[in-house]
Protein chains: 2
Amino acid sequence: MSAALPPFPHTEEPFGRTELLQLDTAAHEPNACLRADAARNRARLLDAAARLVAEHGAAGVTMEAVAAAANVGKGTVFRRFGDRTGLLTALLDHSEKKFQAAFLGGPPPLGPGAPPVERLRAFGCAMLRRSAEQLDLQLAAEPSADRRFASPPLRVLHGHVVLLLRQAVPDADTELVAHTLMGYLNPVLIHHLTRQCGMPLERLEDGWTDLVDRVTAPACSTPAAPARRTSAAPAPGVNS
Amino acid sequence: MSAALPPFPHTEEPFGRTELLQLDTAAHEPNACLRADAARNRARLLDAAARLVAEHGAAGVTMEAVAAAANVGKGTVFRRFGDRTGLLTALLDHSEKKFQAAFLGGPPPLGPGAPPVERLRAFGCAMLRRSAEQLDLQLAAEPSADRRFASPPLRVLHGHVVLLLRQAVPDADTELVAHTLMGYLNPVLIHHLTRQCGMPLERLEDGWTDLVDRVTAPACSTPAAPARRTSAAPAPGVNS
DNA sequence: AAATTAAACGGACCTCGGTCCGGATCGTTA
DNA sequence: TAACGATCCGGACCGAGGTCCGTTTAATTT
């Protein structure tokens, strides 16, 4: 119906189908097999974009402005990054990679070594703090609807949480619980709570640890939980 | 910095500052004190929009198209509804009102009369089902960032959940927990899970009741919950 | 080194959301 | 009913995202 053939053959796959959990470095290592000029322009563009963001904030990152500032045609920007969110995402990529490395292989309590529940706590707090900076960029990069949850970075994060949850609360629909947890860390929500409602970040962090505790608490005889047809199975559809 | 004076004096307040919880009917009753021609055009526009949505889906609702279909100038559309999301929101308004009435004053288990936890369960399931239809419209009406959480409809929903939570789990930062719960019901997430991952709605419903149970479970000695500086107080900042 | 081809380039062009403002209308007051 | 001010109307206009397609260029083959 709408599955248009790629208008640009080699657009930086806005959101490829990275298979499950694994550092998505390889698939995303940028200047890998790019033609020389392409790589050069990519660098120029990213550089220009960063400059613009520094000068005029995320809102100042106009596709035309970036193109101009990089001495490059508008079409080139779209070819490389697909669309605006693609460009912004690429800008955030560096910080993203660092964070992934931290909770996948770094030292405890974020990385492996600590008990799952504790890692969950650390995970959320780290994300909250990371979002506190970068908030404007993250908001601007927020893709509407579809891609939002399909994006590789989010998939990695989600997958990580699922893994930890499976250890902490095996008897649960971890997929769904993970989405709940991740929802709490949604930049849009964080923005609303901190910037619009004026909540201090500490309160959000407390809320997070409390949430983790509640969600991972042993099911100690909930009073009346009628007819729960809990289907905690891996699920039929394409997971994510 | 950006607080522009209203370009249009009488634009249907996209998102007014309705004070706290209360059926926002009064404040929003549409054709109230509108000039005759304005009211007439408002009706025409809404009608045209509905027609377009029926014919071409939510994506077909272009501001220009609506204006044309209603035999009205483009500016008029913006004057009345502020922007695209305002128009879409107005379209969803009817269903919204019905739903609000149902859980605020309707029969149990949705309305008052049942125990809080049970009402919470019903609430989520009802929302899930309501979203299942209307999904495309809701997605299209989704305002980006800012207004997302400031919108009166969402405030009412959120407020309701807060109220129920205060009864069910007095010792908790209900504000935050409510946001968590509402996050689970986010149309974008529902869309992803049902349409993109192919999860059956039933699974989401099970997930909801399970979530409610976990979150409202009595705090029965969580193993090791170190140094939780739980500040469950009404909170300093502007609540929402 | 010349030929070949896949990919990259660039900018004209389109669409759509949103703004502006001169002129038409409504509702009211005298 | 005549005049007046507040409100509304409409469509020209603007900026930004996104597409197209003819041209240029980097890599590979002969």
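In what follows, chains carry the letters A, B, and so on, assigned in the order in which the sequence lines appear, proteins first and then strands, with residues in each chain numbered from 1.
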Send over the distance from A:Arg40 CZ to D:dA26 P, rounded to a whole Å. 8 Å
Whole-Å distance, A:Leu52 CG to D:dA16 P, equals 12 Å
Give me the ring orientation class for A:Phe103 and A:Phe123: parallel if the planes are under 30° apart, tilted from 30 to 60°, perpendicular past 60°. perpendicular
Between A:Arg147 and A:Asp83, is there a salt bridge with N-O shorter than 4.0 Å? yes
note: A:Arg80, atom CZ; C:dA8, atom C1'; distance rounded to Å ~ 8 Å
Rounded to whole Å, how long is the line connecting atom CG of A:Leu88 with atom P of D:dG18? 11 Å
Dump the pairs, protein N or O against N or O of nucleotides 16-18 of chain C, anything under 3.5 Å, distances to one decimal.
{"residue": "C:dG17", "atom": "OP2", "partner": "B:Met63", "partner atom": "N", "Å": "3.1"}
{"residue": "C:dG17", "atom": "N7", "partner": "B:Lys74", "partner atom": "NZ", "Å": "3.0"}
{"residue": "C:dG17", "atom": "O6", "partner": "B:Lys74", "partner atom": "NZ", "Å": "3.3"}
{"residue": "C:dG18", "atom": "OP2", "partner": "B:Arg84", "partner atom": "N", "Å": "3.0"}
{"residue": "C:dG18", "atom": "N7", "partner": "B:Lys74", "partner atom": "NZ", "Å": "3.4"}
{"residue": "C:dG18", "atom": "O6", "partner": "B:Lys74", "partner atom": "NZ", "Å": "2.5"}

Phosphate-side-chain proximity, B:Asn41 and D:dC9, N/O vs OP1/OP2 below 4.0 Å: yes
What's the shortest heavy-atom distance between A:Ala49 and A:Val61, and which atoms? O-CG2, 4.2 Å
Start at the 5' end of DNA chain D and walk down; is the nucleotide closest to B:Asn71 or to B:Arg35 reached first? B:Arg35
State which residues pass salt bridge (charged side-chain N to carboxylate O under 4.0 Å, His left out) with A:Arg40; sequence neighbours excluded, sorted by chain then number. none
At less than 4.0 Å, is any side-chain N or O atom of A:Thr76 found next to OP1 or OP2 of C:dA8? Yes or no. no
A:Asp37: which residues meet the salt bridge (charged side-chain N to carboxylate O under 4.0 Å, His left out) condition with it, sequence neighbours left out? A:Arg35
Without decimals, in angstroms, what is the distance between B:Arg79 CZ and C:dT25 P? 15 Å
Any chance you could measure B:Leu185, atom CG, to B:Leu157, atom CG, to the nearest 0.5 Å? 8.0 Å
The residue, B:Asp37 or A:Ala38, whose nearest nucleotide of DNA chain C is more 5′ is A:Ala38
